[in-house]
Amino acid sequence: MSRDNPQPLPGGGESVETVADESSARLDKTFDPAHFEERWYRTWESEGRFQPVGPPGSPRFVMVIPPPNVTGRLHIGHAFGRTLEDILARWKRMLGYRVLWVPGTDHAGIATQMVVEKELAKQGIDRHELGRQKFIERVWAWKRDAKDNIQSQIRRLGCSLDWTRERFTLDPDLSAAVRHAFVRLYEEGLIYRGRYVVNWCPRCETAVSDLEVVHKEVDGWLYRIRYDVVGVPSGAVVATTRPETMLGDTALAIHPEDPRTAKFRGKTAILPIVGRELPVIEDGILVDREFGTGIVKVTPAHDANDFAVGERHGLPQVVVIGPDGKMTAEAGEYAGLDRFEARKEIVKRLEKENRLLGTDPHDYSLGRCQRCDTVIEPYLSTQWFVKVGPLAEPAIRAVEMGEVRFVPEVWTKTYFEWMRNIHDWCISRQLWWGHRIPAFTCANGHLTVSEGDPSACSTCGSPELEQDPDVLDTWFSSQLWPFSVFGWPKDTEDLREFYPTDVLVTAYDILFFWVARMIMAGIHFTGSAPFSTVHIHGLMRLAGEKMSKTRGNVIDPLVAISEFGADALRFTYASSATSGTTVTLERERLSGSRNFATKLWNAARFTLAQLEGKPRAETFEGISLSMPDRWILSRLSRTAADVNRHLAAFRFDEAAASLYGFLWHELCDGYLEMTKPVLSGREGDERARETVRGVLYRSLADSLALLHPLMPFLTEEIWEKLTHRSGTLVVSPYPTGDPALEDLQAEVAIETLRGLVTRVRNFRSERRVPPTEPVRMWIDPQTGDPVASDALRRLEPLLRHLARLSDLTFGPPPAEAQRDVVSGVAVGLTLPPGAAGTDRTRVEKTLAQLEREVGELTAKLRNPAFLDKAPADVVEKTRRRLGELQERRAALGSIASE
RNA sequence: GGGGGGUUAGCUCAGCGGUAGAGCGCCUGCUUUACACGCAGGAUGUCGCAGGUUCGAAACCUGCACCCCCCACCA
């Protein structure tokens, strides 16, 4: 089935296929989701189904989409999260909530800039040739395409987002929110500018935050180098993993209380190669007495620790590695060399000068750029920072007080760990794509930070102002997303009505990048946490391998949709959504979901064919329902209750499993087969048929409704044929279970019936009896649950039909019968004379197992401690079970001992 | 260095104090008029290892082993 050319359809929502009445209730014989998926999406959207309905102030359910980056297309992991959100949105909508789910995209500063740079590089263009203005225009063009792609992908998935409220982090109003937030934090002293050693990517040529540095353990070397010290003939031996930085050394440091290094106190060392004099300083914070030689070289411009030491001791900062990762003029003869080349050269030189005393294997963690994997360089530069501590405190409290809760709960601890050890956040980026920092410098060097573009310096009034060329970390704007989409900082109606939101769904990889910062920003700027529940799902893996863009194994959800259908992909997501940190997407599971969709389709075809043009019971009150009717309605009600419970607990996997089990194994395998004798006219009267039709209708209708959040397209398509109403399932009431329909007696009776049927089939199978061969069955009416036994008499025709019995007798079985006990009911089965005999090995195997279990339970019941301490119901249950096992053993034993 | 998670059927995973489960795969039958993307039946688990708590442990506790994440400014 080709999904590439969806049927062209006339625009507008009412565009449903116009077919004559007679066949309008029929479904195509073959199930092809391509025939209706896109059509239904257009219908829903054009009818405004995704916009909040109901009066403002009525119970609402609000989510904002985690805005996808406009770097390219969505992968299978994004589609996973959006599917979970859509399940919640559709579920809540059907429950009658005023649902709003806000769509949008993120400009994703560094990521998008890199993608476009790469694109340009293919054409041999460097961004610097284009210049800032022209380059940004190119990025905007890229953004438009990417946004369109993402939007169409999300639509194909079926996500019920209110597209009339779509936002982009660089939209004018969202940009205004960013400037407002920046200025406010600046004025509160929570944003500051300063010259510090920051994480610098020499390839991206920008500063990055701590979170954007990925640490990996490497097998490295520790170089031991001898520095001459005036007045100490032996010199000082220092150890370093980065010899190239020694050119920037401006001191040696010792611990003030370390006797080993006391002789260096107050001395002056000579920096090898360079010849610079280095004071020996004493610093108890930097120097660990336990480690190495007890002497540390201090390089304030190339190490964050050394920088702090330099500040404490007023040391000069000598920058020897430039922003491009090449040695600077300060590096003398090494100027222009790449930092790693320089390391080799310097090591060679030290060896030659006999200063390299040794290289020891040394494992350490090396930071790399999250985006390009380049080794991060600690680099001294002027940057903007957020002082995070004061913001973190209330955000920690909000989670402690339960104002925000994580599901699953394990993530709470991770959140606390990070928040309680939080560091200031470097927010300036030396990029072109993003929000320009609203800071201006005048000709006299004064700084003006302003929400609007200022016309004059706030200090000296100079009109010559230059805006800071840097942009903000993309997460600075993302953290405002849950309220900036509603118009903050303006006091808009939307903000009042839809903020704070209810649920945020995201993967754990952006817990710190985004979730934690949203909580901080939300509380700080609006006074409320931006959501009450955060559902954290695992990262999507594809059949065992980790999925990442760099590995190139990113799969476009559209590929999966075209092969299996959107509903199948969604159902697979739901049923795979276990609480672990990784979620595996298996091809086999996709085809399983597709099969499930087909199953439902065919069950619906059967049902529709039965209902077509015939009367059915509209209500079940005051009419007599058969045991199977009562059973399926009871199971339907319980399933509805289960599904609601599971969705409320974010257990999408359990919800999917409940629906799968009910629809396939109870409705299809069970009830549909039970109705056939009645529907075909072989059993029952017209009134019974009307009742069955009514139950079928109700079962299918409720199943469709229950399944709709998971499989919206298919269910809506069938719903239309079933109810003759177009596009209404999306807003139909969600079944929550009807206690009046729950019927324990019917469930016990039918389960017993099904057990008996299975026993007969199993009997045939083990004797290799073809279905045409007659099998006789006896049921001992004295045994089993009295209600069930009584019901079985009335179910006799059904039992005969399902088990294909030639004869069924209520009475003690003859001696030659194969006896057994099923759900407490004693039965006997016989074959016509001359048929194959008992399968001894099988019976004996079962007997052996029974023997073992009987032994275990007997011992348990002989144990006084058990009788004394276990709850009475457990003891009673054990007794009953032992009784059943013994009965079964006796029944089976009678034939085994023949 | 700190923290978290995992180890259950061939595979992917539920279960988290009272008889070991699902889906897929596997084996055996099947023109049972909705469905072979199906129907029916079946096999398969010292629940990582060792102790402990308990009448009772896959589940709780303590070690151990192996895997996977995250955080971290020890030269």
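First the proteins, then the strands, lettered A, B, ... as listed; each starts at 1. Nothing here was measured: the structure is a model prediction, and the numbers come from that model.
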Can you tell me which nucleotide in B:rC35, B:rC71, B:rC13 comes closest to the side chain of A:Phe512? B:rC71
Answer for the Watson-Crick or wobble partner of B:rG51, both distances under 3.5 Å, is B:rC61
Residue-phosphate contact under 4.0 Å: A:Ser765 side-chain N/O, B:rA40 OP1/OP2: no
Under 4.0 angstrom, heavy atoms only, what part of the nucleic acid is A:Phe307 near: base, sugar-phosphate, or nothing? nothing
In whole Å, I'd like the distance from the CG atom of A:Asp32 to the C1' atom of B:rC37. 13 Å
It should be established whether A:Arg651 places a side-chain nitrogen or oxygen under 4.0 Å from OP1 or OP2 of nucleotide B:rG15. yes
For A:Thr584 and B:rC13, is the shortest distance between a side-chain N/O and OP1 or OP2 below 4.0 Å? yes
Please classify the nucleic acid contact of A:Leu286 as base, sugar-phosphate, or nothing, using heavy-atom distances under 4.0 Å. base
Considering only the P atoms, how many Å lie between B:rA22 and B:rA36, rounded to the nearest integer? 25 Å
Any side-chain N or O of A:Tyr364 less than 4.0 Å from the OP1 or OP2 oxygen of B:rG1? no
Is there side-chain contact between A:Glu717 and A:Trp601, with heavy atoms separated by less than 4.5 Å? yes
Taking the six-membered ring for Trp, are the ring centroids of A:Phe406 and A:Trp411 within less than 6.0 Å of each other? no
Does A:His423 place a side-chain N or O at less than 4.0 Å from the phosphate oxygens OP1/OP2 of B:rA72? no
Side-chain N or O of A:Lys413 less than 4.0 angstrom from OP1 or OP2 on B:rG4? yes
For a quick check of understanding: with a heavy-atom distance under 4.0 Å over all strands, which category does A:His801 fall into, base, sugar-phosphate or nothing? nothing
With RNA chain B as reference, determine whether A:Asn863 or A:Arg589 sits nearer its 5' end, using the nearest nucleotide of each. A:Arg589
How about NZ on A:Lys614, more than 12 heavy atoms from neighbouring residues, nucleotides or ligands closer than 6.0 Å, or not? yes
Under 4.0 Å: is that the gap between some side-chain N or O of A:Lys599 and OP1 or OP2 of B:rC39? yes
So A:Phe652 and A:Phe650, would you call those rings parallel, tilted or perpendicular, with 30° and 60° as cut-offs? perpendicular
Report yes if at least one side-chain N or O of A:Lys877 is closer than 4.0 Å to OP1 or OP2 of B:rG56; otherwise report no. no
Base, sugar-phosphate, or nothing for A:Leu857, non-hydrogen atoms under 4.0 angstrom? nothing
Would you kindly check whether a donor in the side chain of A:Glu654 faces an acceptor in the base of B:rA22, or vice versa, at under 3.5 angstrom? no
For A:Trp411 and B:rC71, give me the distance from atom CH2 to atom P, rounded to whole Å. 11 Å
At under 4.0 Å between heavy atoms, what does A:Pro871 touch on the DNA or RNA strands: base, sugar-phosphate, or nothing? base
Return the value, rounded to whole Å, for the distance between atom CG of A:Leu672 and atom P of B:rU32. 17 Å
N or O in side chain of A:Asn595 less than 4.0 angstrom from B:rC35 OP1/OP2: no
Counting only heavy atoms not in A:Glu409 (residues, nucleotides, ligands), do more than 12 fall under 6.0 Å from its CD? no
Looking at A:Thr414, does any N or O in its side chain come under 4.0 Å of the phosphate oxygens OP1/OP2 on B:rG3? no
So, for A:Leu667 and A:Ser699, which heavy atoms are closest and what is the spacing to 0.1 Å? CD1-CB, 3.8 Å
P atom, B:rG45 versus B:rG38: distance in rounded Å? 27 Å
Mind checking the P distance from B:rG48 to B:rC39? Whole angstroms is fine. 33 Å
B:rC26 pairs with which nucleotide, Watson-Crick or G-U wobble, both distances below 3.5 Å? B:rG42
Counting only side-chain N and O atoms of A:His665, is one of them less than 4.0 Å from OP1 or OP2 of B:rC39? no
Would you mind reading off the distance between A:Glu212 atom CD and B:rC71 atom P, rounded to a whole angstrom? 12 Å
Starting at CD of A:Gln370 and ending at P of B:rC70, how long is that distance when rounded to a whole Å? 11 Å
Can you check whether A:Trp664 has a side-chain N or O nearer than 4.0 Å to OP1 or OP2 of B:rC39? yes
For a quick check of understanding: with a heavy-atom distance under 4.0 Å over all strands, which category does A:Ala870 fall into, base, sugar-phosphate or nothing? base
Within the supplied structure, the quantity of interest is the number of heavy atoms (other residues, nucleotides, ligands) at a distance under 6.0 Å from A:Arg682 CZ; does it exceed 12? yes
Could you tell me whether A:Glu856 contacts a base, only the sugar-phosphate backbone, or nothing, with contacts defined as non-hydrogen atoms closer than 4.0 Å? nothing
Rounded to whole Å, please give me the gap between CH2 in A:Trp418 and C1' in B:rG3. 15 Å
Euclidean distance for P, B:rU8 against B:rC47 (whole angstrom): 11 Å
Nearest-Å distance for atom pair CG/P, residues A:Leu590 and B:rC11: 21 Å
Check this one for me: any side-chain N or O of A:Lys676 less than 4.0 Å away from OP1 or OP2 of B:rA34? yes
Nearest-nucleotide wise, let me know which of A:Lys869 and A:Lys860 is further upstream toward the 5' end of RNA chain B. A:Lys860
Between B:rC30 and B:rA14, how many Å separate the two C1' atoms, rounded to a whole number? 32 Å
Looking only at atom P, what distance separates B:rU62 and B:rG5, rounded to whole Å? 12 Å
